[in-house]
Amino acid sequence: MQEELKPKYGLFTAICLVVGIVIGTGVFFNGRDVLKEVNGNLVLSTLAWVIGGVVMLISISNFTNFSLKYGNSVNSMMDFARVTVNDRYGFIVGIFAKYIYFPGMTATISFVVGMYFAQALGLVSEGFPMTAPVFLFAFMFLTLLTLTSLFAPKLASIFQVSTTVIKLIPLILMAVGGLIIGLVNGTLNQNFDYISSSGGGNGLFAAVCATCFSYEGWICATNVGREIKNHKRNLPIALIVGCFIIIAIYVLYNLGISGAINTEDLLNFNSSSEAVTQAFTNLFNNFFGQALIWIVVISAFGTLNGIVIANSRSSYALAINDQGLFKRTMSSVTKKSNVPLASTILGYLLACLWLAYYYLSQTNGLVMDGTYLKGFPFDLSELPIITTYIFYIPMYIMFLIKNKDLNIFRRIILPTLGVLAAILMIIASIFRHQMTTIYYLIFFILVIGIALLIDYILKKKRNDLKVE
């Protein structure tokens, strides 16, 4: 065993990691839901996608600012918290990342992969019930990609690049083709003029809430910062370039969909997948429309692969800073493949636990006396995001206070915009999930509280032994 992760990912791979994690399956189908929120108003739905992208851009710009300031000392989410605030704050963020955020996200995306794979094979219906085949596929692919990350990191890197490129092809084709055809035949102009008279939408804010969550996941790429070649230069570039690619794809793809199908028809389909499949069929042919589900599966695989890589580094990120349990074991890496073995195994086990929770919550396994256990199930895919933005606010404020040597834009304007973007995301979480947000936050406080208590007890024991 050796104790250091070596740089192994180039700039292009780093960009693919950012893009591949953020652009998952939602981009293909979320546009219709956003459009519904604004009663088919294409101007407002496009504005919602732009605003969501701006929130991501502001957040990424702040972390790029942190990276440029602190350089080689920041390589993960917890490192950013440590250098901007202090070691104790970094530890709290690291515990959240290790036990909740990364394994929870990994479990969620595993479920999505299993769900779409089962649908592609015709084993589940449109409603995506959490059946035994879905759970087994989710577990199988989570295990497979974890083993690939552990024993064949180069193959995992190639897989990340390949799936990112593959998923971008149909999105770009729809963006370009839909816009051109829509402008030529007038469909796009008609859709810009269309506003549903039936009502039922919740307005621009609800649409923005929906788009903001589609832009999440980019922070995962920072967890492999130590393994990005020349990361002081390449990590900020990967984040910024990836951000602009994602915004362009989201906005242009959804405009392309509106060029390929009438808004009224789009809204009248029974499901988003049916509507988008019809749009692809209109623009290309039946084969492309039928192949869409497999493209979505590949997209989900790419997202899961990136999340698995990030999740496997969570315990290592704590241990390398002399924090967390079993620091020596968790900070060790394999000689041949140069990956953190113990950290990967623990991350996998935690993801399996969260996957089991997901399965129980979706199959009424958490029901007692006809009702859910109090507070269950809270949404595992979006609610942890509220915590990340709560964590960001002190980081922005402390960066502003500490770095008086920076110019006004980097020191004041960027962090201030970051605080405003974080507040918007927190409000969006509460708006979307209401009381389950409170249940989740109670769970989060319990996890952090237990971790801090264990850390205090262990430190006290070590101090007592030193005194003796």
Ring geometry between Tyr392 and Tyr396 (parallel below 30°, tilted from 30 to 60°, perpendicular above 60°): tilted
Among side-chain atoms of Ser332 and Tyr316, is any donor-acceptor pair under 3.5 angstrom? no
Below 30° counts as parallel, above 60° as perpendicular, anything between as tilted: where do the rings of Phe66 and Phe80 land? tilted
With under 30° as parallel and over 60° as perpendicular, where do the rings of Phe137 and Phe141 fit, or are they tilted in between? parallel
Just how far is it from atom CD of Gln323 to atom CD1 of Ile95, taken to the nearest 0.5 Å? 8.5 Å
Enter the distance from Ile237:CD1 to Thr64:OG1 here, rounded to the nearest 0.5 Å. 10.0 Å
Residues two or more places apart in sequence or in another chain: which of them pass side-chain hydrogen bond (donor to acceptor under 3.5 Å, both in side chains) with Tyr215? none
In chain order, what residues pass the side-chain contact (heavy atoms from CB on, under 4.5 Å) check against Ser162, with sequence neighbours excluded? Ile158
Under 3.5 Å, is there a donor on one side chain and an acceptor on the other for Ser272 and Asp33? yes
Sequence neighbours excluded, which residues qualify as side-chain hydrogen bond (donor to acceptor under 3.5 Å, both in side chains) partners of Asn41? none
Can you list the residues that meet the side-chain hydrogen bond (donor to acceptor under 3.5 Å, both in side chains) rule with Arg411, with sequence neighbours excluded? none
If you define the side chain from C-beta out and look only at heavy atoms, does anything of Met425 sit under 4.5 Å from Ile386? no
Indicate every side-chain donor-acceptor pair of residues 44-56 with a distance under 3.5 Å to a residue at least two apart or in another chain.
unit_1 : atom_1 : unit_2 : atom_2 : d
Ser45  : OG     : Leu42  : O      : 3.0
Thr46  : OG1    : Leu42  : O      : 2.7

Using 30° and 60° as the class boundaries, would you call the ring planes of Phe96 and Tyr101 parallel, tilted or perpendicular? tilted
Phe63 vs Trp218, test: side-chain contact (heavy atoms from CB on, under 4.5 Å). Steps then yes/no. CA-CA 11 Å; Phe63 277 76; Trp218 57 268; 3.6 Å; yes
Do Asn311 and Ser314 have side chains that get closer than 4.5 Å, going by heavy atoms? yes
Closer than 4.0 angstrom, basic N to acidic O: yes or no for Asp79 and Arg226? yes
Could you go step by step and tell me if Leu171 and Val27 meet the side-chain contact (heavy atoms from CB on, under 4.5 Å) rule? CA-CA 9 Å; Leu171 294 172; Val27 60; 4.2 Å; yes
Could you tell me the separation between the CG atom of Asn254 and the CZ atom of Arg32, rounded to the nearest 0.5 Å? 13.0 Å
So do Leu266 and Leu35 actually touch side chain to side chain, heavy atoms under 4.5 Å? yes
Run the side-chain donor-acceptor check on residues 344-353: report pairs under 3.5 Å with partners two or more places apart or on a different chain.
unit_1 : atom_1 : unit_2 : atom_2 : d
Thr344 : OG1    : Pro340 : O      : 2.7
Tyr348 : OH     : Thr143 : OG1    : 2.7

side-chain contact (heavy atoms from CB on, under 4.5 Å) evaluation trace for Lys167 with Ile298: CA-CA 7 Å; Lys167 79 173 70 177; Ile298 293 170; 5.6 Å; no
With a 3.5 Å cut-off and no angle check, do the side chains of Asn223 and Arg313 form a donor-acceptor pair? no
Walk me through it: do Leu145 and Phe159 pass the test side-chain contact (heavy atoms from CB on, under 4.5 Å)? CA-CA 10 Å; Leu145 290 179; Phe159 186 73; 4.0 Å; yes
Spacing of Ile307 atom CD1 and Leu142 atom CG [to the nearest 0.5 Å]: 11.5 Å
Can you classify the ring geometry of Phe391 versus Tyr89 as parallel (below 30°), tilted (30 to 60°) or perpendicular (above 60°)? perpendicular
Aromatic contact, Tyr116 with Trp294 (centres under 6.0 Å): no
Is the shortest heavy-atom distance from the side chain of Tyr9 to the side chain of Ile309 under 4.5 Å? yes
Flag the pair Tyr440 / Pro384 as yes when at least one side-chain heavy-atom distance between them is below 4.5 Å, and no otherwise. yes
